[in-house]
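Below is one structure, written out as structure tokens; the observations come after it.
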Amino acid sequence: MGQDMFAAFVLPVLFSIGGGLYGYFRFAERRPMLLLNLMLIFLLGAYVQYSQPSEGLFSLLLLDGTFLFFLLVHHLQSPAPKANPAG
């Protein structure tokens, strides 16, 4: 049963990594909401790993967690985007 969950989560997690990179660097003002959504996908995968453990899903979550960690650290170290004075 663990392989079924791995197969179900491969594409969404890989899409979240690719889409997360694109959205993170393209839309600086939307970073907090994007990071929250990426963390929710990670937490959903962690729950599935808890309920039906498998090595493949664990390695996929390890990759996603590392990716998310570096994005969060970069976000915390980067200056806040400036507000548009024109409104």
Side-chain angles (χ1 to χ4, degrees):
M1 189 73 161
Q3 282 296 87
D4 294 339
M5 284 299 144
F6 173 73
F9 272 96
V10 168
L11 290 177
V13 169
L14 291 178
F15 179 76
S16 74
I17 291 173
L21 275 175
Y22 174 76
Y24 184 82
F25 289 113
R26 179 87 164 106
F27 306 107
E29 68 278 355
R30 297 183 193 167
R31 282 183 185 169
M33 287 304 291
L34 174 73
L35 290 172
L36 178 65
N37 287 327
L38 292 175
M39 287 192 321
L40 289 175
I41 292 171
F42 178 76
L43 288 175
L44 180 64
Y47 173 73
V48 170
Q49 171 65 22
Y50 174 75
S51 63
Q52 298 178 1
S54 76
E55 285 185 27
L57 185 59
F58 179 74
S59 61
L60 185 66
L61 287 174
L62 188 63
L63 174 72
D64 189 35
T66 305
F67 160 75
L68 188 58
F69 173 76
F70 284 115
L71 283 185
L72 284 168
V73 167
H74 183 266
H75 175 68
L76 292 175
Q77 289 179 348
S78 63
K82 298 190 185 231
N84 189 1

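Taking Phe9 as the reference, nothing meets the ring-ring contact (aromatic ring centres under 6.0 Å, His included) condition, with sequence neighbours excluded.
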Would you mind writing out the side-chain donor-acceptor pairs for residues 62-74 within the sub-3.5 Å range, not counting sequence neighbours?
from  : atom 1 : to    : atom 2 : distance (Å)
Thr66 : OG1    : Leu62 : O      : 2.8
His74 : ND1    : Tyr24 : OH     : 2.7

With a cut-off of 3.5 Å and sequence neighbours excluded, list every side-chain donor-acceptor pair involving residues 33-51.
from  : atom 1 : to    : atom 2 : distance (Å)
Asn37 : ND2    : Met33 : O      : 3.3
Gln49 : OE1    : Ser54 : N      : 3.4
Ser51 : OG     : Tyr47 : O      : 3.3
Ser51 : OG     : Val48 : O      : 3.1

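Taking both residues in full, the closest heavy atoms of Ser59 and Gly56 are given as OG-O, 2.8 Å, listed atom of the first, atom of the second, then distance.
Put simply, Leu21 and Val10 are part of the same group of oily side chains (I, L, V, M, F, W, Y) that touch within less than 4.5 Å, one to the next.
Within a 6.0 Å radius of CZ in Phe27, other residues, nucleotides and ligands contribute more than 12 heavy atoms.
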